[in-house]
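Here the structure is a predicted model, which means the values were calculated and not measured. Both ligands and their constituent atoms are indexed starting at 1 by order of listing.
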Amino acid sequence: MRSLLLLVVALAGVNFAYGQPEYFYPAYTSFNKSIPTPQEFLGYGIGTHHTRHDKVVEYFKKLDELSDRVSVEVIGESYEHRTQLVAKITSAENHSRIEDIRKNHRAQAYSEASTSVPLIIQLGYNVHGNEPSSTEAALLTAYYLTASEDPETLKWLNEMVILIDPVYNPDGRDRHTHWANMHKGSPPVADPLDREHNEVWPGGRTNHYWFDLNRDWFLGIHPESKNRLKFFHQWRPYVMTDHHEMGSNSTFYFDPGKYSSNNPIVPNYLYDTVYPKFGEYFSQAMNSIGSLYFTKEAFDKLYPGYGSSYVNFYGGAGFLFEQASSRGHVQNTSTIPITFAFTIRNQFTASLATIRASLAEKPMLLKMRRDFYKTTQAQAKANPVKGYIFGDSNDQSRTFAFVNLLRLHEIEVYDLPKDITLSGKSFEKGKAFVVPTEQENYLMVRSAFEKDISYTDSLFYDASTWSLANAFNLPLAEVKTQVQKGSLLKNDLTKTPAPVEKSNYAYIIPLSDYQAHKAIYQLLSNNVVTRTSFKSFSARIKPGVEKTFSYGSLVIPVQQQVQIDPDKLYTIVQQVSKECAIDIYTTETGINAKGVDLGSGYIRTVAKPNTLMLIGTGISGYEAGEVWHLLDQRINMPVTKIDVTNFSAANLAPYNTLVMVSGNYSLDKTTVDKVKAWVQAGGTLITFKTASEWAIKQGLTKEKLQPIDTAKTISRINFEDADNLEGAKQLGGSIFQVDLDITHPIGFGFTNRTVPVYRNGKTFIKQGKNPYTTVAQYTANPLIGGYLHKSNLKKIANSAAILVSSEGAGRIILFSDNPNFRGFWYGTNKLFLNALFFGPLITVPTLEGEE
Ligand SMILES: [Zn+2]
């Protein structure tokens with residue numbers, strides 16, 4: 001092994017002791033020789049190569065096989081079928097009673113502690129796939145804990161259970177791993193311009209669908225997070241770490257972070273006592289290897305969905321580490337070259353320091369958790385809001401998705417015992433649910449339901465509000481009296497649609513259900529002629545029973561199908577009802593008591609979307625990924641993702657919709673003209689945020705942006721204040737209210753004109769001159785929750801949130817925001833889906849004198 005290592009060091013040609021165990025563990029020598037070091041197992045020194053995910057899995061399984069200190073639990077797999085595992089590392093004696101330890105540990109939070117229960121902590125790595133030093137450090141940490149005979153290590157193993165999740169984001173990590181390895185030179189190239197250091201779009205940060213998994217702890221959209229959350233709630237560690245990388249010219253960061261960016265509902269003991277105390281251990285550890293670092297200046301702990309904050313809402317302490325990235329094997333910086341091995345050593349050193357600090361400060365951690373529950377229970381008692389009732393009678397799918405997300409966080413949800421009207425809203429038993437505030441996870445209840453928690457800071461690293469209730473746009477009422485609740489839900493909710501009756505005349509589907517568009521796509525894929533109603537009507541769904549169907553309801557005539565006989569159609573609609581969990585009604589008559597009849601010209605045939613989406617360099621991978629994820633995972637509909645470099649050569653004729661998410665588009669004039677001609681010929685262009693600005697600036701539409709306020713008086717400001725003052729003007733992410741025209745095809749399926757939307761950008765579109773173009777408009781005083789700098793209020797008030805303008809035979813649908821934000825804005829997804837499915841049916845009424 002040694003000769004190979006020496007060879008690698010020689011080839012590396014830099015002055016760092018690349019990949020040698022002595023480099024990582026200088027002070028320790030007594031290792032169990034029967035445990036292979038990562039180097040022995042992998043055949044290369046740690047830091048000389050990026051370790052593939054499958055090799056990481058194999059190594060952990062090898063440790064499990066060879067050592068009675070280690071047991072590996074597979075907790076699931078990623079979209080791309082990569083294994084997610086957690087290694088439990090503790091003494092053999094503890095392993096023999098591990099389930100008792102887990103149970104006693106959970107119970108300990110509520111009693112005056114018996115300190116004999118081993119301390120549970122979790123070390124977590126590599127949630128951002130292209131921040132790879134952390135997983136390599138996980139290998140070293142696992143080896144160290146498995147092989148070390150050091151008395152301190154033995155004490156740790158006797159008195160702790162250390163959970164190691166080596167790769168939070170396996171798909172993203174491998175994307176970057178392959179990139180770094182395939183471009184590695186021999187000798188390595190440190191020049192930052194080398195391809196090794198510059199991944200192509202979308203890079204390895206995100207998961208398969210280009211989502212940031214370090215936001216998903218709270219949203220629970222993806223399997224990686226769901227699996228991890230389930231494991232978390234079994235164990236509820238006292239301490240959790242989250243290891244990241246930052247810019248190559250930086251140093252190292254550990255907590256405590258920026259005091260003013262702490263979440264105000266989490267008890268202060270964590271911030272004013274635990275973080276500073278742990279910081280002393282981290283600083284000592286980093287001092288011992290001569291590494292520079294900083295604390296206090298940056299990174300927030302407001303949002304509950306970071307790996308370094310989630311546990312804070314369950315009485316634990318989450319720690320963030322940020323290491324300057326070598327992004328590759330070695331890279332020149334503004335000072336000395338930074339090697340991959342150096343970044344790994346810092347992460348490894350921080351890992352051991354966390355273990356050391358946790359055990360040394362065990363009494364502090366126990367006190368923190370006990371006090372956490374006492375304090376939060378007292379706060380819950382004092383809260384005038386005793387509970388929340390929520391649920392949309394017209395959309396069980398969306399309501400159930402919300403309930404299941406609450407349950408993922410172990411929030412207790414109860415049945416509504418009987419129908420009730422509260423704050424002018426009606427809630428139906430079976431379709432509405434109750435969440436009392438007085439429950440164990442009170443802070444999560446607040447985080448999910450409160451639209452605004454007041455913050456001391458105006459500078460947000462990310463969103464300033466994340467009210468799940470608003471994102472799901474569910475009717476919601478606060479209960480300020482005794483909460484009437486039914487039974488506690490024990491399982492996730494799944495909708496069982498009523499059996500479909502056979503019809504010889506027509507089937508009808510309300511559009512209000514979240515799954516309706518999935519149903520449309522499935523019907524169209526089966527060549528079923530499917531129509532949507534531009535007017536509401538009531539239909540006789542059974543002899544003597546009339547039901548009102550609102551705008552957008554789908555009508556499937558039985559006898560007007562091409563080559564589908566009534567029996568086959570019945571089989572298809574039954575299948576659609578089952579697979580989409582959607583209610584399908586039948587009628588045997590076309591004459592309707594109210595509204596239009598079923599043969600009306602207001603009921604129009606829907607064309608199957610054939611969608612092209614631009615992706616690639618300069619385009620928001622998050623927004624594109626959200627579209628892709630929505631269409632793949634929820635609608636089961638393919639979307640062609642075309643790289644922007646191939647776009648100029650592409651024939652647009654086969655596509656009826658083109659999606660352009662936010663981006664910095666620099667298409668040449670010929671290509672812009674091609675898009676223009678395609679729209680004029682009948683195409684539907686859907687744009688988000690800066691893509692909407694692009695469409696306006698390119699003259700694809702006559703619509704206008706809000707005028708920029710130029711009347712400025714300049715007063716001088718101290719240089720030092722620039723970051724705070726200018727940062728506060730950013731729109732980090734807040735929730736606003738818009739008024740939606742629910743008679744417009746983009747508003748089909750909505751039952752309430754007032755809709756909460758999420759905004760994290762500065763695209764302000766002027767209300768259209770034609771009164772029919774502004775489909776959704778910001779209200780005069782639109783802020784619902786989160787932070788808004790006063791300079792932005794003027795621009796946003798009464799501006800257009802969604803604007804549809806006819807251009808020739810086609811149209812452009814301009815969104816000033818992103819309706820699919822992070823996959824959890826269930827409440828506004830329908831706006832986008834309507835644009836895709838009904839856009840081609842929209843012709844904006846022309847005014848007298850207008851061309
Ligand atoms: Zn990161």
By ring pair (Phe, Tyr, Trp, His ring centres under 6.0 Å), which residues pair with His244, not counting sequence neighbours?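 Once residues adjacent in sequence are excluded, the partners of His244 under the ring pair (Phe, Tyr, Trp, His ring centres under 6.0 Å) criterion are His128.
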
- Item | For Phe688, ring pair (Phe, Tyr, Trp, His ring centres under 6.0 Å) partners two or more places apart |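 Listed in chain order: Phe815, Phe832.
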
TODO: Spell out the protein N/O/S atoms under 2.8 Å from the Zn ion (ligand 1) as residue plus atom name.
DONE: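 Hits for the Zn ion (ligand 1) below 2.8 Å: His128 ND1, Glu131 OE1, Glu131 OE2, His244 ND1.
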
What residue among His243, Arg173, Gln347, Glu245 forms side-chain hydrogen bond (donor to acceptor under 3.5 Å, both in side chains) with Asn126?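 So the option named by the test is Arg173.
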
- Could you check His49, His50, Glu196 and say which one makes a side-chain hydrogen bond (donor to acceptor under 3.5 Å, both in side chains) with Lys184?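 The single option meeting the side-chain hydrogen bond (donor to acceptor under 3.5 Å, both in side chains) with Lys184 is His49.
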
Between CZ on residue Phe231 and CG on residue Asp165, distance to nearest 0.5 Å: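 So the gap between those two atoms works out to 8.0 Å.
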
**Study point:** Qualifying residues under side chain to side chain donor-acceptor pair (under 3.5 Å), relative to Ser326, sequence neighbours excluded
**Key:**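 Partners of Ser326 under the side chain to side chain donor-acceptor pair (under 3.5 Å) test: none.
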
